[in-house]
Protein chains: 2
Amino acid sequence: MWRMARPRKPLLSRDRIVEAAGALVDAEGLEAVSTRRLAAALGVSGPSLYNHFRTKDEILEAVADAVSARVDLSMLEPGDGRDWRTALHDWAHSYRAALADHPHIVPVLARGPGRRPAGLRLADAVFGAMTRAGWPPAQATRIGALMRYFILGSAVASFAGGFVDDRGAYDPADYPHLGQAHLLADRQREIDESAFETGLRALLDGLCVQYEALGPH
Amino acid sequence: MWRMARPRKPLLSRDRIVEAAGALVDAEGLEAVSTRRLAAALGVSGPSLYNHFRTKDEILEAVADAVSARVDLSMLEPGDGRDWRTALHDWAHSYRAALADHPHIVPVLARGPGRRPAGLRLADAVFGAMTRAGWPPAQATRIGALMRYFILGSAVASFAGGFVDDRGAYDPADYPHLGQAHLLADRQREIDESAFETGLRALLDGLCVQYEALGPH
DNA sequence: ACCTGAACACCGTTCAAGT
DNA sequence: ACCTGAACACCGTTCAAGT
């Protein structure tokens with residue numbers, strides 16, 4: 001008589017948890033994620049999650065990391081033919097697109113790369129591409145950071161709040177310049193989009209100015 | 001025998017609540033603010049707050065608005081002599097300084113101006129200054145938005161997380177370019193500062209390029 | 001009008017117990 | 001090793017009751 005077969009199959013895994021948490025965040029937002037709700041979605045009881053993650057926060061970090069991991073980095077890789085400006089431009093768009101797909105997790109991502117490996121890979125890829133293009137290392141680091149600031153700042157403001165839907169919420173008399181039309185909810189989407197484009201172009205134009213000043217390549 | 005004097009003096013007011021909430025946020029962070037803790041700090045019981053605010057979130061919005069209200073806007077006012085580029089530069093610095101003074105509320109601020117009056121006044125002031133300088137209204141709106149993206153994105157990343165203190169947290173082999181030194185915690189502060197400066201300059205240089213293209217003034 | 005205590009429906013996390 | 005139920009110490013918010 002042989003002993004009982006040990007746990008035939010773990011019900012949970014880090015990957016399954018992250019996937020379910022991501023789906024819950026996407027569907028109902030960050031504040032809808034509780035350990036009990038998430039566990040229920042996985043057909044399991046609340047405390048089970050703690051066999052795979054130390055805290056709920058770690059689960060959300062992992063969800064954020066999974067989104068970072070989906071950002072296209074091909075334009076920053078050594079083999080790619082694009083010049084640094086074009087590479088930065090295309091990367092910014094692919095980054096923004098990944099965030100737009102998962103707007104509710106953006107505030108977690110914006111807190112900084114933390115220990116998230118995919119976030120660090122992003123920073124590393126930009127750094128590598130910029131140094132290869134001739135930027136000094138210190139400047140390459142700054143470019144990675146400042147692009148992140150702009151892209152994530154734009155995403156937080158655009159995808160997580162913005163102006164209010166209610167047309168009567170503002171008294172035009174209080175804001176002499178904006179009063180007319182510029183802060184209505186239905187205009188907000190196009191403002192966000194065009195402000196992102198304008199800002200990205202300004203950033204890249206400005207970096208070109210600094211690049212010229214480095215001397216010939 | 002005259003009837004009991006009616007509530008001699010309200011114990012609470014919106015202003016007192018916002019002030020206490022702000023102090024609590026500054027001292028212990030956003031997640032330390034519970035209605036019970038806040039009420040206790042005010043010498044009152046939890047539900048009392050609901051006589052003055054509809055939700056806890058509204059209290060935090062008011063705290064965020066109070067921080068916005070402290071941003072210096074003098075450089076954007078009609079009388080001021082500064083050209084638009086200098087005004088934008090100085091405003092960005094005063095904005096960042098106000099956020100650095102209250103780092104824990106930054107994530108709330110970053111969600112967008114919402115219904116917060118001080119946030120809207122900021123947007124209005126930038127819009128007014130840019131149109132007076134000759135920018136077309138649509139561009140003036142975008143400049144306000146894109147500057148906000150950059151300033152708040154930088155503040156969220158810098159003041160609320162960033163890289164990790166633990167020097168052993170990263171395996172350099174995983175990040176060939178960053179491995180050496182660029183992501184150590186003690187370097188993070190100077191990186192944030194210099195990346196902000198570099199990005200701000202790039203943004204302003206880039207806007208100047210676009211401004212020239214508008215034609216003569 | 002403004003504050004209170006009690007209560008409701010939740011939280012994140014720990015832990016002894018089971019297999 | 002991995003999952004469970006029970007429990008702890010909290011939450012935000014509502015509401016009847018008091019003054």
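Reminder, nothing fancy here: chain letters follow the sequence lines and each chain counts from 1.
Side-chain contact of A/Glu197 with A/His93: a donor-acceptor pair under 3.5 Å is present, judged by distance alone. A donor-acceptor pair shorter than 3.5 Å cannot be found between the side chains of B/Asp15 and B/Ser13. Looking at A/Tyr149 and B/Asp192, their side chains do bring a donor and an acceptor atom within 3.5 Å of each other.
Picking from D/dC15, D/dA6, D/dC3 the nucleotide with the shortest atom distance to the side chain of A/Pro47 gives D/dA6. For A/Arg36, the listed nucleotide lying nearest its side chain is C/dG12; candidates were D/dC3, C/dA7, C/dG12. Among the nucleotides C/dC3, C/dG5, D/dC2, the one closest to any side-chain atom of A/Pro10 is D/dC2. Nearest to the side chain of A/Ser34, among D/dC15, D/dC3, C/dG12, sits C/dG12.
If you check D/dG12 for Watson-Crick or wobble pairing at under 3.5 angstrom, you find it paired to C/dC8. Pairing for C/dA1 goes to D/dT19, judged as Watson-Crick or G-U wobble with the two contacts each under 3.5 Å.
Between the CG atom of B/Leu38 and the P atom of C/dC3 there is a distance of 13 Å, given to the nearest Å. Atom CD1 of B/Ile17 is separated from atom P of C/dC3 by 8 Å (rounded to the nearest Å). Spacing between atom CZ of B/Arg16 and atom P of C/dC2 amounts to 14 Å, rounded to whole angstrom units. In this structure, A/Leu30 atom CG and C/dC11 atom C1' are separated by 15 Å, rounded to whole Å. In this structure, NZ of B/Lys9 is placed 17 Å from C1' of C/dC3, rounded to the nearest angstrom. The distance from atom CG of A/Leu49 to atom P of D/dG5 is 14 Å, rounded to the nearest whole Å. Atom pair B/Glu31:CD and C/dC11:C1' shows a separation of 15 Å (rounding to whole Å applied).
For C/dC2, neither phosphate oxygen OP1 nor OP2 lies less than 4.0 angstrom from any side-chain nitrogen or oxygen of B/Ser48. Proximity of A/Ser45 to the phosphate of D/dT4: a side-chain N or O atom is located under 4.0 Å from OP1 or OP2.
Aromatic ring pairs are classed by plane angle as parallel below 30°, tilted from 30° to 60° and perpendicular above 60°; the pair A/Phe150 and A/Phe196 is parallel.
No more than 12 heavy atoms of other residues, nucleotides or ligands lie within 6.0 Å of CZ in B/Arg201, so this atom counts as exposed by the packing criterion.
Taking the P atom of each, D/dA9 and C/dA9 are spaced 22 Å apart, rounded to whole Å.
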Only distances under 3.5 Å count here; give the side-chain donor-acceptor pairs of residues 44-51 of chain A to other protein atoms, sequence neighbours excluded, each with its distance to 0.1 Å.
residue: A/Ser48; atom: OG; partner: A/Ser45; partner atom: O; Å: 2.9
residue: A/Asn51; atom: ND2; partner: A/Ser48; partner atom: O; Å: 3.3

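Heavy atoms only, all atoms of each residue included: A/His104 and A/Asp26 are closest at ND1-O, 3.6 Å.
For residues 50-63 of chain B, proximity to DNA chain D is found at B/Tyr50, B/Thr55, B/Lys56, defined as any non-hydrogen atom under 4.0 angstrom from a strand atom.
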